[in-house]
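To start, the structure under review is shown below, and the notes come after it.
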Amino acid sequence: MAMTRGRVRRIADYAVLSVPAFIFVLPVLYLFLGSLKPSDEVLGGLSGFLPTHLSFDNYAKVLASLDSDSTGYFWRFMGVSLLVAFVVVTGGLFVNSMAAYGMSRLKWRGREAVFTLVLLLMLVPFESVAVPLFYMFNDQRDTLFIQAIPFIANAFSVYQFHTFFRKIPPGIEEAARLDGAGPWRTFFAIVVPMSKPAFASVAILTFLTQWGSFLWPVLMVSDPSVRPLPLEMSVFQGQQPPDWGQILAFGVLLVLPVLVVFAFFQRWFVQGVASSAVKG
């Protein structure tokens, strides 16, 4: 009887959760199907979900239209976005994890005040500092350097690492110190391998935020040779008359790297979410 009740409750839970999941999947499905349809069939309301007249012509046309010096090259835009995101993610994992470790495990005067400042920085939206940063780095416009450097240090990433590091039992690090390990060796040999879920979560969220960055490139990039993919999509969408099939195909190409990154890190990401739920 208890097993029957548990099974019924599980089925009911899945049924309830399937409704919002289906709602969230609908726009993605519409994006994918629309990218395979002629432009005059894309904006057809609910009929856009019907799998009719499907082909990959829109993808071929997007790649063909961005394949010259006058229009720029699609794969160059993709490469710029990937390079900037790689620098921000890898640099952020290194810088933010070390900052969080120093504030969560090492003892030094002013530690709590610095962490409070980090929490306050989380409340400051980027839009409020974008204009001062624009004037500060105006001489560095149209460079890959300026697209990445301002986003490596991130208060929210520091907070995520700090929260995870505080849950690691202190006895593990004390045992490492008794064996002669210093702070650097303890961090890289003990803490980092135990924190794969935290690193995966921060990597996914950082990549997602950086990959969709638009305001900063609008302010700092005018040279097509260093234009990231989201900024190029806005240029592509502004062409008249708009070809909505090609625009949706461009959107699918923009989303694919995000799916690849999530698929790579999802095992550790799910572990981190599950462990946080259990400990919470």
- Ser195 side chain to Ala198 main-chain N or O, any donor-acceptor pair under 3.5 Å? no

- Query: Under 3.5 Å, is there a donor-acceptor pair between the side chain of Ser39 and the main chain of Trp244?
  - Reply: yes

- Side-chain donor or acceptor of Asp67 paired with backbone N/O of Leu63 under 3.5 Å: no

- Item | Close side-chain approach of Arg141 to Ser222, heavy-atom, < 4.5 Å | yes

- Val218 and Tyr135: same hydrophobic cluster, using ILVMFWY side-chain contacts below 4.5 Å? yes

- Are Phe126 and Trp216 close enough that their ring centres sit under 6.0 Å apart? yes

- Could you check if a side-chain atom of Ile152 sits within less than 4.5 angstrom of a side-chain atom of Phe94, using non-hydrogen atoms only? no

- Message: Just checking Tyr159: does its OH atom have more than 12 heavy atoms from other residues, nucleotides or ligands closer to it than 6.0 angstrom?
- Response: no

- Message: Distance check, rounded to the nearest 0.5 Å: Ser157 atom OG versus Leu205 atom CG?
- Response: 7.5 Å

- Quick one: does Val25's side chain get under 4.5 Å of Phe22's, heavy atoms only? no

- Query: Cut-off 3.5 Å, side chains only: do Asn154 and Thr206 have a donor facing an acceptor?
  - Reply: no

- Message: Would you say the rings of Phe207 and Phe86 are close, in the sense that their centroids are separated by under 6.0 Å?
- Response: no

- Message: Does Val235 form a side chain to side chain contact (heavy atoms under 4.5 Å, CB included) with Arg227? I'd like the steps, not just the answer.
- Response: CA-CA 10 Å; Val235 176; Arg227 184 183 294 165; 4.0 Å; yes

- Within 6.0 Å of CZ in Arg185, more than 12 heavy atoms from elsewhere: no

- Can Leu121 be reached from Leu119 by stepping across I, L, V, M, F, W or Y side chains whose heavy atoms are under 4.5 Å apart? no

- Message: Looking at every heavy atom in both Tyr101 and Thr186, which two are closest together, and how far apart are they?
- Response: OH-CG2, 3.7 Å

- Closest non-hydrogen atom pair, Ala189 against Pro193: O-CG, 3.5 Å

- Backbone N or O of Val252 within a donor-acceptor pair of the Ser35 side chain at under 3.5 Å? no

- Task: State whether the side chain of Gln147 and the backbone N or O of Val226 hold a donor-acceptor pair below 3.5 Å, judged by distance alone.
- Result: yes

- Query: Can you tell me how far the CG atom of Asn138 sits from the CD1 atom of Ile146, to the nearest 0.5 Å?
  - Reply: 10.0 Å

- Once you round to the nearest 0.5 Å, how far does CG of Leu133 lie from OG of Ser128? 9.0 Å

- Transitively linked via ILVMFWY side-chain contacts under 4.5 Å: Phe24 with Val16? no

- Please check if Phe145 and Leu231 belong to a single hydrophobic cluster, counting links between Ile, Leu, Val, Met, Phe, Trp and Tyr side chain heavy atoms closer than 4.5 Å. yes

- Measure centre to centre between the rings of Phe164 and Phe199, then say whether the value is under 6.0 Å. no

- Note on the structure: Looking only at heavy atoms, the pair that brings Ala100 and Val158 closest together is CB-O, 3.4 Å

- Looking at side-chain heavy atoms only, is the closest gap between Phe115 and Ser104 below 4.5 Å? no

- Message: Are the side chains of Glu174 and Leu178 in contact, using a 4.5 Å heavy-atom criterion?
- Response: no

- Spatial distance of atom CD (Gln246) from atom CG (Leu253) [nearest 0.5 Å]: 11.0 Å

- CA sep, side-chain torsions, deciding dist, call: Val89, Gln210, side chain to side chain contact (heavy atoms under 4.5 Å, CB included): CA-CA 8 Å; Val89 172; Gln210 184 59 38; 5.7 Å; no

- Can you tell me if CZ on Phe32 sees more than 12 non-hydrogen neighbours from other groups inside 6.0 Å? no

- Query: So how far is it from Leu54 CG to Glu41 CD, rounded to the nearest 0.5 Å?
  - Reply: 9.0 Å

- How about Tyr59 and Leu36: do any of their side-chain heavy atoms sit closer than 4.5 Å? yes

- So Leu229 and Met233, side chain to side chain contact (heavy atoms under 4.5 Å, CB included) or not? Walk me through it. CA-CA 6 Å; Leu229 206 55; Met233 184 175 183; over 6 Å; no

- Query: Any side-chain heavy-atom pair from Phe77 and Leu82 closer than 4.5 angstrom?
  - Reply: no

- State whether the side chain of Arg76 and the backbone N or O of Ser225 hold a donor-acceptor pair below 3.5 Å, judged by distance alone. no

- Query: Is a side-chain N or O of Arg105 found less than 3.5 angstrom from the main chain of Ile168, in a donor-acceptor match?
  - Reply: yes

- Message: Looking at every heavy atom in both Val42 and Lys37, which two are closest together, and how far apart are they?
- Response: CG2-O, 4.2 Å

- Apply side chain to side chain contact (heavy atoms under 4.5 Å, CB included) to the pair Thr143 and Met220, showing each step before the final yes or no. CA-CA 8 Å; Thr143 63; Met220 302 302 294; over 6 Å; no

- Task: Check Leu248 against Tyr30 and note the closest heavy-atom contact, atom names and distance.
- Result: CD1-O, 4.3 Å

- Same cluster or not: are Tyr73 and Met78 linked, directly or through other Ile, Leu, Val, Met, Phe, Trp or Tyr residues, by side-chain heavy atoms under 4.5 angstrom apart? no

- Message: For a quick test of reading the model, state the closest non-hydrogen atom pair linking Ser65 to Phe236 and the distance between them.
- Response: OG-CE1, 3.6 Å

- Task: Could you tell me whether Trp108 atom CH2 has more than 12 heavy atoms of other residues or ligands within 6.0 Å of it?
- Result: yes

- Item | Leu66 side chain reached by Phe250 side chain, heavy atoms, under 4.5 Å | yes

- Output for pair (Gln160 CD, Phe165 CZ), nearest 0.5 Å, gives 11.0 Å

